[in-house]
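Letters go in sequence order (proteins before strands), and every chain restarts at 1. Because only heavy atoms are used, hydrogens play no part in the values below, and waters and symmetry mates are left out as well, while side chains stay in.
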Amino acid sequence: MAYRHTIKGKVYKFDDLRTLLAKASPYRSGDVLAGLNADSYEHRICAQMTLADVPLKNFLSEALIPYEEDEITRLIIDTHSAAAFDVISHLTVGGLRDWLLSDDVDGAVLTTLAPGFTPEIVAAVSKLMSNQDLIAVAKKCEVVTRFRNTIGLKGHFSTRLQPNHPTDDVKGIAASIIDGLLYGSGDAVIGINPATDSPAAVNSLLELIDYLRRQFDIPTQSCVLCHVTTTIGLINKNAPVDLTFQSIGGTERTNASFGVNLALLEEAYQATLSLNRGSVGNNVMYFETGQGSSLSADAHYGVDQQTCEVRAYAVARRFNPLLVNTVVGFIGPEYLYDGKQIIRAALEDHCCGKLLGLPMGVDVCYTNHAEADQDDMDNLLTLLGVAGCNFVMGIPGSDDIMLNYQSTSFHDALYLRKVLGLKPAPEFEQWLIKQGIFNQSGQLNHHHNPAKLLKAINYER
Amino acid sequence: MSDKPEKADQLQGDPWVSLKNFTAARIAIGRVGSSIPLRQMLNFKLAHAHARDAVYSKLDIDALSDALEEFNLPVYQLHSRAINREKYLTRPDYGRRLDETSVEALRDQVPVTISLVIADGLSAAAVNQYAVELLRLLIPKLVAANTGTLNISLAEQGRVAIADEIGQYFDAELSVILVGERPGLTAPDSMSAYLTYKPRVGLTDESRNCISNIRPDGLDIRPAADKLFYLISESLKRKLSGVELKDRHGLLSS
């Protein structure tokens, strides 16, 4: 249905919800590239005013991408909980924004409500929220997941140790892992982006991390971020797979461009669950997402990039993931141009994911052709720490020498923990103290002797 | 005296510096408190500054044109639809197509066998440094092997696919574009060469072959020229490019 709004005698008409959401989106280069953005500042705010008055019920009857054409739409509609939605069924999008910020709404309420949210409702309300609102609402949520440790507890903040190497050199990767562990990194996962997707190369990296984990009794999990079909093949060959990784998007065609669909993800999920390798829980999936992937795959159906992104979270929550990571600044300036756009997008992704009940982490990052630098990342990291983000990346000196982009360093996580009083996952913190890497007050131990851990570099298959 | 901070006290080195032998990653960089020491931070910022300068570097048309005279080939100065760097960065579609003036200049040109293109891509600094050097090695080989006629186009604010449109106007059998890569912190001056058989507007990456990381500390200019000559010869002989044109040259996989 069409929506209308009049400002100073000028009538703005929005043909449908999809158009209204796109025009209401805060400015970003990807929506301009797709030709979906508002034409003027007034046009955008007018769209936001219009959106504020739209009843949430409309989102249940008006699909942005047809049910018949897209399995993500079918997933969203078929798994929607009318019972959970009942609490907010009388609200408009604007009413929902105010209600979320009200003191009546706490983490417990939001946890119960999550199955009643659709991605489109969450995307819509986020477009009416300021950065401050996105932080305040996300902060209320607590999404806790478990495998060999407990991630996402209030007051805790974890990191993915990302020890990438341009040729997957096992010793090179081991060196970065050791460096990271000695800086207290790696409680979310030790996760490697392999340079090649060959099963043999992936397997040797899995064996490396598995060896380190067992040798030093580290309460964490490993992941090599290869294609899901490669992981399934490795599971069938009894490789030490803790978590299955996949990049996902918010439309069926986006996922097709990644070579996956819901059935394949279900197969991978069941295969990984069957390994039963978790010790304190069995959240076994690790997903990565990022605004712009649907446009990049020419699979966005005229839906703005932020709404496409939130639809990807519907895919993620189907499989009870341990970790969901929005790789916000990796895609490049044609989608998110500068620090301002990257920061806004990251806060949206984090808040929307949390509202949908996901264990959100953010790759606080940028490429060298984006108008961003370390100061922007410092800002974003701090904002996400305040917002209660579950985890960020830990990369030696912020410089990923394989993927050629900059993310957060081991030192960055220590900074955030120090200024905000945050701790690693409890099991991992105990390990760090036991190893002498951290002292009892959770700071790096000045007199730690790393000799034992350094011997790990002598690992041979 | 004792209240004055001493530099050595604040900076805590990491006793695992020997691990640096195994990776170029920024490991064992030490710390002040739990933060990155100033020298390490400045080194990082310098690498980023080089990368940023490379993104905004400009194709040195005068110097390149002068240098290209030695080949006695037709040289065309062209421009993409991206009028400046900002448009180039936000509109990839503009960087893949020629502007109107360039299109006019290319109407009714004599067909050519191989259309050679030099474009800035994301690092004009890379092609300013290495493009002519590579052509000095490549062109004599092509001439000696009688591969056919050649011309050269300089394309400002150009992406890889701009060679498709240029090649199409010349009705070329093959286009070869030398283009600056997205700068990393390790190397702000890496050049790539892409080769496309029967170039025409609308082709995508699976139609091409690529040689990347061309720079003295990566794939050096001479082996890059050898490899490119091999791919050109094979492409013309087998009348294809892309995934079906396997690299059997043995120097590097593309």
Side-chain angles (χ1 to χ4, degrees), chain A residues 29-30 32-33 163-166 169-180 182-184 296 332-335 337-338 366-371 373-374 395-406 409-418 443-444 446 448-451 453-454 457, chain B residues 9 12 14-37 40-41 43-45 47-56 85-95 121-123 159 180-188 190 204 213 218 253:
Chain A
S29 51
V32 178
L33 181 61
N164 296 342
H165 188 278
D169 182 81
V170 170
K171 278 202 192 304
I173 285 172
S176 288
I177 293 177
I178 294 166
D179 190 63
L182 289 168
Y183 272 94
S296 173
E334 62 268 44
Y335 301 93
Y337 186 65
D338 55 14
Y366 63 105
T367 57
N368 287 324
H369 61 321
E371 295 293 316
D373 62 17
Q374 290 299 105
I395 294 177
S398 288
D399 176 7
D400 188 312
I401 58 171
M402 199 284 277
L403 294 172
N404 276 315
Y405 78 123
Q406 287 86 254
S409 66
F410 304 138
H411 298 69
D412 285 333
L414 293 171
Y415 145 79
L416 199 70
R417 285 172 181 160
K418 192 181 271 183
Q443 304 289 325
L444 279 182
H446 283 275
H448 172 238
N449 178 357
L453 208 51
L454 292 184
I457 198 70
Chain B
D9 282 342
Q12 175 128 3
D14 293 325
W16 53 92
V17 176
S18 60
L19 293 190
K20 282 177 177 284
N21 294 325
F22 300 104
T23 179
R26 291 170 197 258
I27 61 169
I29 59 179
R31 59 195 170 89
V32 279
S34 46
S35 299
I36 293 177
Q40 300 289 347
M41 182 177 279
N43 287 344
F44 178 99
K45 285 172 74 174
H48 186 239
H50 288 150
R52 296 295 292 156
D53 284 341
V55 168
Y56 284 92
R85 209 48 348 192
E86 193 203 331
K87 279 285 176 243
Y88 176 93
L89 291 172
T90 51
R91 296 299 303 256
D93 48 338
Y94 290 0
L122 277 167
S123 174
R159 289 181 185 259
E181 292 176 12
R182 191 180 92 195
L185 292 193
T186 314
S190 232
T204 50
N213 198 24
S253 61

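For S29(A), the part lying near chain B is the side chain, with the backbone staying farther off; criterion is any non-hydrogen pair under 4.5 Å. Both the backbone and the side chain of N368(A) come within less than 4.5 Å of a heavy atom in chain B. For chain B, the nearby part of L403(A) is the backbone; its heavy atoms alone come within less than 4.5 Å. In this structure, the portion of K418(A) lying under 4.5 Å from any heavy atom of chain B is its side chain and not its backbone. For P450(A), the part lying under 4.5 angstrom from a heavy atom of chain B is the side chain only. For Y183(A), the part lying near chain B is the side chain, with the backbone staying farther off; criterion is any non-hydrogen pair under 4.5 Å. Looking at H165(A), only its side chain comes within 4.5 Å of chain B, counting heavy atoms on both sides. Proximity to chain B is absent for every atom of D412(A), based on heavy atoms less than 4.5 angstrom apart. For E371(A), the parts lying near chain B are the backbone and the side chain together; criterion is any non-hydrogen pair under 4.5 Å. Only the side chain of I178(A) comes within contact range of chain B, judged by heavy atoms closer than 4.5 Å. For chain A, the nearby parts of I36(B) are the backbone and the side chain; heavy atoms of each come within less than 4.5 Å.
Proximity of I401(A) to R26(B): side-chain heavy atoms (C-beta onward) are nowhere separated by under 4.5 Å.
With chain B as partner, the option from Q443(A), Q406(A), R417(A) having the largest number of non-hydrogen pairs under 4.5 angstrom is Q406(A). Ranked by non-hydrogen atom pairs under 4.5 Å with chain A, the options L122(B), T23(B), I29(B) are led by T23(B). For the options G397(A), A413(A), A451(A), heavy-atom pairs under 4.5 Å to chain B are most numerous at G397(A).
Under the side chain to side chain contact (heavy atoms under 4.5 Å, CB included) criterion, H50(B) pairs with L46(B), P188(B), sequence neighbours left out. Listed by chain and number, the residues in a salt bridge (Lys or Arg N to Asp or Glu O under 4.0 Å) with R85(B) are D120(B) (sequence neighbours excluded).
With values rounded to the nearest 0.5 angstrom, S18(B) atom OG is found 6.5 Å from L454(A) atom CG.
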